[in-house]
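Structure first, then comments.
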Amino acid sequence: MKKTFPSNYKFLILCLWIAFTCIPRIGQSQNTSNEQVKRLQRAIFIFNFAEQVTWQNQNNITDFKIGVLGQDRTFIDLKSLSQKRKIKNKQVTIVCFNSVKDVANVQLLYVNQAQNFDIDYILNKISGKNILLVSEDYSYKSSMINMVNVGDTFEYETNEKNIYRENFTTANSLQSHAVSSSEKWKKLYKTTEASLEESKKIEAEKQAEIDEKEKELDRKTKALLYKDETITTQKDSINSISNIAKKREKWIQLLSSESDLQQQKLESKIALERELEETILSQLAIVKAQEKNIRDSELRLKQQTDSITKQNATIKNNAKALEAKNEKISMQNKINYLLIGLFTLSLIGAYLLYRNINNKKKIAQTLKEKNAAITKQSFELEAKNNELEQFAYIASHDLKEPLITISSLIDILVEDYGTKFDEDGRMSLNFVKDSSDRMKRLIDAILAYSRLGKTKEYGTVNCNTVIDTLKDDLQNVITRTNSKVQVTNLPTIKGAELEIRLLFQNLISNGIKFTKPDIDPLIEVDAKKVNIKDIEYWQFTVRDNGIGIPKKHQERIFSIFQRLHSREEYEGTGIGLAHCKKIVESHGGKIWLDSEEHIGTTFFFTIPV
Amino acid sequence: MKNKIECVLLIDDDKVTNFYNKKVLTKHEEFKEIIAVTSGENALKHLTEASKGLCLKPNLIFLDINMPAMNGWEFILEYNKLDKKFTKDIKLVMLTTSNNPDDYKRSKEIETVNDFINKPLSIDLLSNLIENHYEKKITY
């Protein structure tokens, strides 16, 4: 494939240029802010400029050098592009200059107006050094090739005067594309394609021509040896050129595909960006609205916070008040509980009291009733007793009166008319008299018995004095019966003196009376203190040496009118011991006896101290 | 010394007692006139008449306690209403079967009652009575 086609050389370069210029055009037509792309575009522009200018000594140089004036990032862009691309089939070297004075040994110098270098000064300095000046953003026709930022791409203009002064020859395309438009580059692209097709045909034709010429050459080989060498060199050069052409073809293909791809990318990017912009705008609107909303809500929030703070304060106050109230309430609760407890206690107490009082009332009621009953009964009893006593008294009194009359009249009879009766008559009168007398005594005894124990006024009774008086009263009997009455020191007791005297009288006269005829009566009277059931008593003893009382009769001797002997044996009414019993019992004591027949009897009686 | 006491008034509802008492009084020679009535009302009637000089004024009255209608104590109440000038030199003696000490005590409390004796009346009792109530007077 390495064949030389010298006639096509120019055409190929044109094709290459078109291809190269396409890329920035694509970028130029697109409104993109992609700095990266623009920077690459710039570098590509610079490289393309270099390709379209012919240096007089370009075949002598080994390296194609590009200088960058000032601290410009274009240096980096150019450097990266120099790795991929060659200029005029030569290695490209990028150098940087800080000062215009230093600029030397470069084929192209790039300067940006942003670096503040005076363009006239630069032109002056590089004049005669065979350097092509590419400037950016400088004023019109001030430089050799001046690039201008138009939108997102570059335009350029050329100053032929300056270019030709440095003996540069430029490709026509450089001039023709100096003022650009998107229509133009599209047309160019199409014509380039068509011309590529054409050139392919021409190439094929030329191949055929070459084939023919080879045959011609073969035929002329022998004749033209001189020409042979030339052909060989031409072959070589063609070969190298064809190589370059092939390479350039590949480059074109690559670049076209790249540019296609980039175009697509850019389109999609643009679309995306538009969408993005729209979205951003709408979002901005939304954001603004939201900001407003947020501000409003912030305001509201602030208000709410304020009100919340106020409310918090109120709540705190309320809480304090509540706490105080709670304390109060708890205090009151405690007090209430206490009060309730007290109330319950008092209720219970009142209830208990009420029940107690009720019970007491009931008891009192029953007691009252019973008392009333008892009082009534006692009244009745007293009345009955009085009645009975009255009855006994009146009965005996009324019985006594006719009896007295009888006995009195018998006395008159006996006294006045006794001599007129015979013996039997007189004896009968005597019997009547005796009987009436005995009846009188019995009636008197009943009367006395009925009156006993009625005395309630007890005085102090000295028993020694009582016995002394008694002894005086019974002096006749004592002397007649030759009796002895022995008395130890007796106490002074509380009682009715008359009744106490009657008591001693009955007991002593009984002792004197009931004796065997041949024995002198001996009566001993004694007293001692005893304690029966925690009550102190005086226990009196009256002992005799009389006939004694059989055990079987000891029970009944205290009953009224009970006699153990005939009146002929021992006279008496049979009421004496009944009297004694009544007297002792009415004084709150007891009477009993201890007796042995034929030896004697001991009477015991007690009187409370 | 004969007939020291001009007139005796016996007051007893029992005619037999009056008879017996009259007999005893008659036996005693000191009593000249003996009048017996069977009730207090009759006795009062007699005394009223005597105060007017219509009949004999008694020097001594024997009064029974137990009588129907007006008993001895009731008679004394009426007797005390009589003119004191008239009754002051009359001796009033209770003559009763009662040996009830209450009756005796009661009679002691009455100023008009001069003595209290139990039946039956006897010569000895009368002599004792005269000794106690009249002979002292004489000695004066």
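Any value given below was found using the heavy atoms of this structure, including those in side chains, with hydrogens, waters and symmetry copies removed.
Crowding of Phe604(A) atom CZ: a count of heavy atoms from other residues, nucleotides or ligands under 6.0 Å exceeding 12. More than 12 non-hydrogen atoms from other residues, nucleotides or ligands lie less than 6.0 angstrom from NZ of Lys84(B). At most 12 non-hydrogen atoms from other residues, nucleotides or ligands lie less than 6.0 angstrom from OH of Tyr104(B). Crowding of Glu111(B) atom CD: a count of heavy atoms from other residues, nucleotides or ligands under 6.0 Å not exceeding 12.
Residue Ile412(A) holds its CD1 atom at 5.5 Å from NZ of Lys27(B), rounded to the nearest 0.5 Å.
Interface residue Thr96(B): only side-chain heavy atoms are found under 4.5 Å from chain A. With a 4.5 angstrom heavy-atom cutoff, Lys23(B) touches chain A only via side-chain atoms. Proximity to chain A is absent for every atom of Asp12(B), based on heavy atoms less than 4.5 angstrom apart.
Scanning residues 400-410 of chain A against chain B with a 4.5 Å heavy-atom cutoff picks out Lys400(A), Glu401(A), Ile404(A), Thr405(A), Ser408(A), Leu409(A), ordered by number. Near-neighbour residues of residues 55-64 of chain B relative to chain A, defined by a heavy atom under 4.5 Å from a heavy atom of that chain, comprise Asp64(B).
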